[in-house]
Amino acid sequence: MPKDLQEVWDNCLSVIRDNVSPQSFKTWFEPIKPLKLVDNVLTIQVPSQFFYEWLEEHYITLLKKVIRKELGSEGRLEYSIIMENNFNSTRPYSIKIPTTDKKALANPSVNMPLDLGGSKSIKNPFIIPGLKKVNIDSNLKPNFTFENFVEGDCNRLARSAGYAVAKNPGGTSFNPLLIYSNVGLGKTHLVHAIGIEIKKNFPNKTVLYVPSEKFTSQFIDAVKNGSQNDFINFYQLVDVLIIDDVHFFAGKEKTQDVFFHIFNHLHQNGKQIILTSDKPPVELQGMEQRLLSRFKWGLSADLQVPELETRIAILEKKLYNDGIELPKDVIEYLAYSITTNIRELEGALISLIAQSSLNKKDITIDLAKKMIDKFVKNNAREVSIDYIQKVVCDYFDLPIELMKSKTRKREVVQARQIAMYFAKQYTKSSLATIGAHCGGKDHATVLHACKTVNNLMETDKRFKAYVEELEKKINI
Ligand code: ADP
Ligand code: MG
């Protein structure tokens, strides 16, 4: 008996609802529309590429489970990415992505050579029992390219070092190349970009990306199965080894040990090693000294929190790639509000788009504010100096560079003083920091500015009205 599309999807939803938080359910599952059910293939419509990726990254296990439960082991899920017109999609498109073949689809041409060097029996730790194909790919996400990695002061060194490595893997002094930063600042993206670029420049090189947890669990399995040597041999075959989040090796002596041997072998043979971690090598705890000293052989480069302009550029890139247009003020508002984690910034954007598509509302600054209040924990959003400067400059119609410059033009001086006054009032920044943001002034100048603004407010009604109006704008 043919199953009913809506019924199947409703059943899936009811299981999903029990397994995710209400907020996640609302954000990620309510906007999905079931499209069709043919031959046990359920097609669902999602509003953007990123939305699809988010589902794949965070909910794929759950989705697989519910599909299997509803449709049996033959059941499959396909996504159709359709942007709705209500948020000005410029490039509506629809593609289908079968979940089961995602890897093959992502990188069809990369096969791991399994029997190099005559050792036919090396077991590939990536083989998942039950899968027909023994091939593995580089595990590189096709959209984590250099092109999509927005350049800024925050990442310039790491990015260009990565680029140099991609041109000449194993042949620069950046070996290993270690990228470190807090979470959500682009380490994983950047090392994928390097891998992708290497594959582009040198199609015959074997590039392998592996998260350190996966490396560890493969190793544990290998020990259990007595296939430790296969494991080591396998890793020693690659030309470029990318290990993500090596800080997870902390305290795992055996894993560090085996990695040490693989590292040495690869390094001695001129192979490239690329690592990421949440700290620079000197601060990594629980790591063997001999490993740390090797990490220091090459180059360690950090990714910092992106400055406002970069945050805006990242959002714009994302929107452009997804074919979506948003009002500029909404983009700026997001970038002002979420400052320390690009993943959260993107999450907020996606959530906003999903909400808008769900409620058939246009994306406005008001909707963005409501969303952000929910998104940014504690609602305690601190207004930043950047934001204050932007509001003040917009109000007086001055370019922000002028305010940040040393110019003493009268109209700039006054706007700058007002910005300093608000920064003192609304941020936790020190006088010196405020001064540094406003044309490299010292703390005494900032203090003087605050006094001047206070005095003028008492004596000049029109000036007071300006300041009060600005205050409202800053506080909305
Ligand atoms: P990390 O590995 O440091 O935790 P990720 O590489 O997972 O961070 O990055 C988090 C998200 O932010 C990803 O979706 C990534 O594409 C995005 N991102 C980070 N840096 C940039 C950048 N410079 N340009 C564009 N997107 C970025
Ligand atoms: Mg990462």
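Both counts, for ligands and for their atoms, begin at 1 and track the order of listing. Keep in mind that what you see is a predicted model, and the values were worked out from it rather than measured.
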- Query: Taking atom types as modelled and ignoring hydrogens, do the side chains of E332 and Y387 form a donor-acceptor contact shorter than 3.5 angstrom?
  - Reply: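 Judged by distance alone, the side chains do not pair up.
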- Closest approach of H247 and D278, non-hydrogen atoms and distance?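 Closest pair (atom of H247, atom of D278, distance): ND1-N, 2.9 Å.
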- Message: Is there a side-chain contact between T427 and S384 in this structure, where contact means two heavy atoms from C-beta onward sitting under 4.5 Å apart?
- Response: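 SC-SC contact between T427 and S384 ruled out.
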- Applying salt bridge (charged side-chain N to carboxylate O under 4.0 Å, His left out), name anything that partners D245, two or more places apart in sequence or on another chain.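 Listed in chain order: nothing, the list is empty.
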Sub-4.0 Å atoms of ligand 1 with respect to non-hydrogen atoms of [X]:
X	answer
N155	23 (N)
N148	24 (N), 25 (C), 26 (N)
V183	4 (O)

Are any of the N or O atoms of [X] closer than 3.5 Å to those of ligand 1?
X	answer
F149	no
V150	yes
F144	no
G186	yes
K318	no

- Residues in ring pair (Phe, Tyr, Trp, His ring centres under 6.0 Å) with H265, at least two apart?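 H265 satisfies ring pair (Phe, Tyr, Trp, His ring centres under 6.0 Å) with no residue once adjacent residues are dropped.
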- Item | Which segment of K317 sits under 4.0 Å of ligand 1 when only heavy atoms are counted |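 For K317, no heavy atom sits under 4.0 Å from ligand 1.
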- Answer with side chain, backbone, both or neither: which part of D245 has a heavy atom less than 4.0 angstrom from an atom of ligand 1?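 Contact part for D245 vs ligand 1: neither.
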- Task: Report the C-alpha distance between C438 and K404 in whole Å, list the side-chain angles of each, state the deciding distance to 0.1 Å, and finish with yes or no for side-chain contact (heavy atoms from CB on, under 4.5 Å).
- Result: CA-CA 5 Å; C438 302; K404 294 188 176 192; over 6 Å; no
When rounded to the nearest 0.5 angstrom, what distance separates [atom1] in [X] from [atom2] in [Y]?
X	Y	atom1	atom2	result
L178	I243	CG	CD1	11.5 Å
L185	C154	CG	SG	8.0 Å
L190	F144	CG	CZ	11.0 Å

- Nearest heavy atom to atom 13 (C) of ligand 1 wins, so pick from E346, R159, R343.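 Answer by nearest heavy atom: E346.
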- Around the Mg ion (ligand 2), what protein N, O or S atoms are found below 2.8 Å?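 Within the sphere that stays under 2.8 Å of the Mg ion (ligand 2), the protein atoms of type N, O or S are T188 OG1.
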- Message: Taking the ring centre of each residue, are F215 and F219 less than 6.0 Å apart?
- Response: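 Between F215 and F219, the centre distance exceeds or equals 6.0 Å.
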- Pick one: which of T364, D362, I331 meets side-chain contact (heavy atoms from CB on, under 4.5 Å) with L326?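 Single side-chain contact (heavy atoms from CB on, under 4.5 Å) partner of L326 among T364, D362, I331: I331.
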- Can you list every side chain to side chain donor-acceptor pair (under 3.5 Å) pair that touches residues 182-194, not counting sequence neighbours?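 Side chain to side chain donor-acceptor pair (under 3.5 Å) check on residues 182-194 returns S181-K187, T188-D244.
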- Query: At a 4.0 Å cut-off, with the gap strictly under it, does some heavy atom of N182 reach an atom of ligand 1?
  - Reply: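 The answer is yes: ligand 1 sits under 4.0 Å from a heavy atom of N182.
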